[in-house]
Every structure is written in structure tokens, then in C-alpha cells.
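Below: one structure, written as C-alpha cells.
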Amino acid sequence: MPTNSDRYARIYAVVRQVPEGRVATYGQIAALAGIAGHARQVGYALHALPDGADIPWQRVINARGEVSPRASGGWAAGLQRHLLEEEGVAFDARGRVDLARCRWEPEERPRSPRR
DNA sequence: ATGCTGACTATGT
DNA sequence: TACATAGCCAGCA
């Protein structure tokens, strides 16, 4: 049984798999981490991330395809968008990403022979 | 222990 | 498309 600490580890492990130039939603990360339906905990886990963590946290956005506004201090949101743009993720005039195009599509094949 | 908060999502209007 | 509600659950006072 996964403990609460393991959940964070799982979340981070999944986020680490998101390739450059791609984004994933909180719900997506949650599902892949084995805690489907607990998207909020994903956001919480990322919030607790220390500076310099080897995690591409900027690639995790909400289901609307937009960078989630922080409750306190918005500097991180601006940085997130900046980092994504440098990776090649395009934002439209409303500051949203085209999920249909930039969404990361993980290949779930835990043991299936590659192709 | 209880209650509130929050980097969310799905559904209804 | 945008706003309002409800459901969700870990962390913290």
C-alpha cells in the first residue's frame, strides 16, 4: 500500500517523464501516479517542491490548458509560462496552451513488448 | 479531534 | 465560453 510520502514520489516520477515541449494536466498526472481523481494533491505536491528540484514542474498545467494562478505570490506562474515558451510550447492570445496539440500522451505499456 | 485552505476537475446554467 | 457548485483529500492551525 502506498503511503502518503510515496504518493509524492510517484507524482514526481510521473512529472519527470513529461518530455520537453509537452504539457500534462494535473488530473493526468494524478491518474498516472495511481491517485486518479486527486488532482488537487498533485498541485499540492508540486507546491511543496523545493527550488532546484530536478522536476519539470512547469509542464504541469490545469485542464483548461492554462497555467494555474497561484493563491499567493504569482511570480511562479509567470516563470512557468516563460519556461514553457522557451521549450516551444505555444500560448494563444488568452494565455492558454492548445492541449489538443501539446498534451503529453504517455504510452502505457508497463510490460507490453514495445510495439 | 475539528475546521479551513488549496498550483483541481466535472457538471450544470 | 464563462461563472457557480459539489466532490475530493492531504496539510496545517
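Letters A, B, ... are given to chains in the order of the sequence lines, protein chains preceding strands, and every chain is numbered from 1.
Atom P of nucleotide C:dC9 and atom NE2 of A:H47 are separated by 21 Å, given to the nearest angstrom. Regarding A:E66, its CD atom lies at a distance of 12 Å from the C1' atom of B:dA7, rounded to whole Å. Summarising the geometry, the separation between CD1 on A:I29 and P on B:dA7 is reported as 17 Å, rounded to the nearest angstrom. Whole-Å rounding puts the A:R7 CZ to B:dC8 C1' distance at 16 Å. One interatomic measurement links the two molecules: CD1 of A:I35 to C1' of B:dC8, which rounds to 11 Å at whole-angstrom precision. For A:R81 and B:dA7, the CZ to P distance is 20 Å, given to the nearest whole Å. Look at CG on A:L49: it is 19 Å from P on C:dA10, rounded to the nearest Å. Atoms CH2 (A:W57) and P (B:dA7) sit 13 Å apart, rounded to a whole Å.
With hydrogens and angles left out, the side chain of A:R40 and the base of C:dC8 share a donor-acceptor pair within 3.5 Å.
In this structure, A:L83 and A:W57 have side chains that are in contact, with non-hydrogen atoms separated by less than 4.5 Å.
Tested against A:V23, the residues A:V18, A:L99, A:V67 include a single side-chain contact (heavy atoms from CB on, under 4.5 Å) partner, A:L99.
Comment: A:R59 engages A:E87 in a salt bridge, judged by a side-chain N to carboxylate O separation of less than 4.0 angstrom.
The side chain of A:S68 contributes an N or O atom lying less than 4.0 Å from OP1 or OP2 of B:dC8. Contact annotation: A:R96 reaches the phosphate of C:dA2 (side-chain N/O to OP1 or OP2, under 4.0 Å).
Candidate nucleotides B:dA7, B:dT9, C:dC9 were compared by shortest atom distance to the side chain of A:Q41, and C:dC9 ranks first. Distance from the side chain of A:L46 is smallest for B:dA7 among the nucleotides B:dT9, B:dA7, C:dA10. For A:Q80, the listed nucleotide lying nearest its side chain is B:dA7; candidates were C:dG11, B:dA7, B:dT9.
Around the CZ atom of A:R16, the shell of radius 6.0 Å holds more than 12 heavy atoms that belong to other residues, nucleotides or ligands.
In terms of position along DNA chain C, the nucleotide closest to A:G37 lies nearer the 5' end than the nucleotide closest to the other residue of the pair A:G37 and A:Y44.
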Carefully, step by step, assess A:Q80 and A:R70 under the rule side-chain hydrogen bond (donor to acceptor under 3.5 Å, both in side chains).
-> CA-CA 11 Å; A:Q80 180 170 12; A:R70 272 50 168 183; 2.9 Å; yes
